[in-house]
Every structure is written in structure tokens, then in C-alpha cells.
Amino acid sequence: MPHSTLSVMPVTEQADNYTSAVPLWEDAQDDVPWLSSETNTYLLGMPQLCLRGLSESWLLKELGHRHWMTLARLAGQSGPSFADEQGAPVYAAFCALSVREADFGDARENENLRITTKLRRISRTQMMSQHRLHLSDRAVGTVEMISTFVRRTAGGGNHSVSRFGVPGFPPAFDKSSTAELASYAAAIRSGRAAKHMGFPIDDRPAHWTLKFDPCPSQDFNGAGFLYFSSFVSFVDRAEWQFARQLSANATTFRRDVFFSGNIDPGETLCAELMDLRRCPGGFSHHTKLVREHDGNTLAHVFTVRHAR
């Protein structure tokens, strides 16, 4: 695939100001308790930073690890070791994440990043974690993550998993307002959602496509799945090709990712740019990741980037 820049497709002006829009899944009501809350501080160095400030890739991996370890502690385990009735491994797979009001560009070496993590159960198989980020005394973003417990089905590889209700956790609250992100993710996966952040979700042809051949040693996790943070990495690499002039000085302000599939090592995927728009302070885009050989959707990714 040849290198391309912004000229390969039209950039439309965005009429709505999505940088100030309130997400559908605003903070939960006070009468819905969190099951766990903990705060940790990180001294930022090269592993935590990128050219434009805080590394979103490192951050997502760390938050995913915090989510996983919190689940283990809630289940009374010293380390995560979930299994079904036959002893087969059970994993917490992310089905949605939302980065909001991020200001990653202000992060600097030797600065302290404080992360407060809370977690609650929202259904028989799903958990939600919320992570509030602070640099010194200023807020620099909130990340919400929805996971569901899954196990591989016989002979299905990474294409076929089933949900599993892990015992040992407190019950879910039937009317938790935090279930909205999970509900919206389910609507997108089932094709019931027509729009998100002003972008249509339909079968129109992509404006631009870039093929990726994920590397087993870099893009897959220890469970053998394409790691959830790699999905975001592929979108950023594609953005660098289809919108290089805009991307050069951009940092993430908001990003919503809705996962719907995975691939096996050795399979390829494509990042399909569905729409690119200017918005106040930067630009936004909807990118779809698909499995190349059968065209199945792996994720819808909606990104708002601010130019610095």
C-alpha cells in the first residue's frame, strides 16, 4: 500500500463540537457503589512517554493490567487465575473503552502521574473500571473500560469465544447507569446503532485502506489474543499515513473503541478509514478494523485529536 496523505480524501468540516459533548455514559449515580477503589502514582520516564507526551499505548496496557489485577483481588486471588468447570482458562476480554477529556501532551519526564481506579460489576459476565488521571494537581483524562469474561470454544481459536459467568463476585446492580457504554457497544456489534459521535455506522465503502500483518511477539498478549491496545496502535499508524499533516502534532482528546472480534497469529487485518472531519481544535475520524480474509469487523474506533 503506497504512502498517502490528506489529499487522498476530502476532509469535511464538523458542524458539532464533539470536544465538549457529554458522553452517553456519564458518571454513575451515587447510589450505585463501587466494589473497589485504589490510587497509585507513577514517576514518568521513557517507557511511559512518547514524542507528544504521555504514551497512550503504555497507558492502556497499564490500565488493562490494573483492571485484571483488581478482578483477581475481588475474587480473593493473589494472582489472576480464572477457569471454567473443566479447568479451561477464562479471560477478561475488553469489549469497549472510552478515553475522555484527555490532555496527554502535558506529560513530561520525571513528573508524577496519579491514577485512581474504581471497579464495579454491571452484569453476570461484565465488569467496568474507571480510571481518573492526574498530573500533579490537574486532571488529564478519564478512561472507562468494559470487560466480559470469555473462554475459547473447542477448535475455534481466536475467532470463537463464549461468555462465562465467573463465580465469587458481588452481584450486579440491575439499573446501573454505567451499563450504557456496554449497551452501546452491544448495539454497535449487532448493527442496531446508526451513528456515533456524528459518524454514520453503515456499509458504505471506506475512503482509504491500510493492511497490517500483526507480529506475534509485539501485538499479541500472553493469552494468545491480539492485544486490545494493539487495535489502537493500528489506528494511529493508519492515521499517520492517511492524515500525516494533521497527525504530526496531534494528541488524543477522546477515543471510543468498540471491539467485536479477534484474529489468530498469522492472519492479517485492514484499517479502513470511513470518515475524516475537522472539528474545533483539531480533527476526528471513524476507523474500522476488519479481518482481511473474511471481512469481519474487529472493531469500530472513533477518535478526536487536538493539534498542539
Side-chain angles (χ1 to χ4, degrees), residues 22-23 25-50 52-82 92-122 126-149 166 168-173 176-182 221 227-229 232 251-257:
V22 177
W25 38 92
E26 193 47 85
D27 291 343
Q29 299 172 357
D30 293 338
D31 60 350
V32 182
W34 296 98
L35 300 177
S36 175
S37 179
E38 61 181 57
T39 299
N40 294 93
T41 300
Y42 300 78
L43 181 65
L44 299 182
M46 293 303 102
Q48 295 82 25
L49 298 171
C50 65
R52 299 299 175 192
L54 184 66
S55 167
E56 190 175 354
S57 178
W58 170 83
L59 177 67
L60 293 179
K61 290 177 182 179
E62 180 62 26
L63 298 186
H65 179 66
R66 290 171 69 96
H67 183 106
W68 184 228
M69 294 303 295
T70 302
L71 290 176
R73 286 191 287 271
L74 281 174
Q77 300 180 2
S78 58
S81 182
F82 299 104
F94 288 109
C95 52
L97 71 87
S98 179
V99 180
R100 296 176 287 151
E101 297 181 349
D103 191 11
F104 298 157
D106 278 350
R108 297 292 182 268
E109 186 179 4
N110 297 324
E111 193 167 12
N112 286 322
L113 172 68
R114 188 172 75 256
I115 303 178
T116 298
T117 295
K118 298 180 180 181
L119 186 139
R120 65 161 48 94
R121 187 175 186 176
I122 59 174
Q126 291 186 317
M127 297 284 190
M128 189 203 88
S129 62
Q130 181 192 81
H131 313 266
R132 294 192 179 275
L133 316 176
H134 287 82
L135 285 172
S136 300
D137 59 349
R138 65 192 186 280
V140 293
T142 299
V143 182
E144 292 184 355
M145 311 173 81
I146 303 288
S147 72
T148 185
F149 285 109
V166 174
F169 290 101
F173 284 82
S176 170
S177 64
T178 59
E180 290 185 76
L181 176 57
N221 62 18
Y227 203 21
F228 80 101
S229 62
V232 176
T251 59
T252 298
F253 176 80
R254 179 175 173 183
R255 192 181 317 254
D256 292 349
V257 186

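In this text the structure is predicted, and so the values were computed from the model without any measurement. Residues take their numbers from the sequence shown, with the count starting at 1.
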* Looking at residues at least two apart in the chain, or sitting in another chain, which of them share a side chain to side chain donor-acceptor pair (under 3.5 Å) with S37? ->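 By the side chain to side chain donor-acceptor pair (under 3.5 Å) rule, S37 matches no residue at all.
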
Any chance you could measure [X], atom [atom1], to [Y], atom [atom2], to the nearest 0.5 Å?
X: K118; Y: T39; atom1: NZ; atom2: OG1; answer: 8.5 Å
X: I122; Y: S147; atom1: CD1; atom2: OG; answer: 8.0 Å
X: Q126; Y: R120; atom1: CD; atom2: CZ; answer: 14.0 Å
X: I115; Y: Y42; atom1: CD1; atom2: OH; answer: 4.5 Å
X: T117; Y: W34; atom1: OG1; atom2: CH2; answer: 10.0 Å
X: L60; Y: H131; atom1: CG; atom2: NE2; answer: 9.5 Å

* To do: Classify the ring geometry between F94 and F228 as parallel (under 30°), tilted (30 to 60°) or perpendicular (over 60°).
  => tilted

Less than 3.5 Å apart, which donor and acceptor atoms pair up between the side chains of residues 70-80 and the rest of the protein, not counting sequence neighbours?
residue	atom	partner	partner atom	Å
T70	OG1	R66	O	2.7
R73	NH2	E38	OE1	2.9
R73	NH2	E38	OE2	3.1
Q77	OE1	S81	N	2.6
Q77	NE2	S81	O	3.4

Is it true that a side-chain atom of [X] and a backbone atom of [Y] form a donor plus acceptor pair closer than 3.5 Å?
X: Q48; Y: G45; result: yes
X: R52; Y: L49; result: no
X: R114; Y: S136; result: yes

Check whether any side-chain heavy atom of [X] lies under 4.5 Å from a side-chain heavy atom of [Y], and answer yes or no.
X: L54; Y: V140; answer: no
X: E101; Y: T142; answer: no
X: N112; Y: L43; answer: yes

* May I have the step-by-step check of side chain to side chain contact (heavy atoms under 4.5 Å, CB included) for V99 and V143, ending in yes or no? => CA-CA 5 Å; V99 180; V143 182; 4.2 Å; yes

Looking at [X] and [Y], what are the two nearest heavy atoms and their distance?
X: L135; Y: E111; result: CB-OE2, 3.8 Å
X: M128; Y: H67; result: C-CE1, 4.3 Å
X: W58; Y: L113; result: CZ3-CD2, 3.9 Å
X: I146; Y: A182; result: CG2-CB, 3.9 Å

* Check against side chain to side chain contact (heavy atoms under 4.5 Å, CB included), M145 and M127 -> CA-CA 8 Å; M145 311 173 81; M127 297 284 190; over 6 Å; no

* To do: For L133 and L59, run side chain to side chain contact (heavy atoms under 4.5 Å, CB included): C-alpha distance rounded to whole Å, both residues' side-chain angles, the deciding distance at 0.1 Å, then the answer.
  => CA-CA 10 Å; L133 316 176; L59 177 67; 3.7 Å; yes

* **Contacts of type ring-ring contact (aromatic ring centres under 6.0 Å, His included), residue F149, not counting sequence neighbours** =>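 Only F82, F169 meet the ring-ring contact (aromatic ring centres under 6.0 Å, His included) criterion with F149.
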
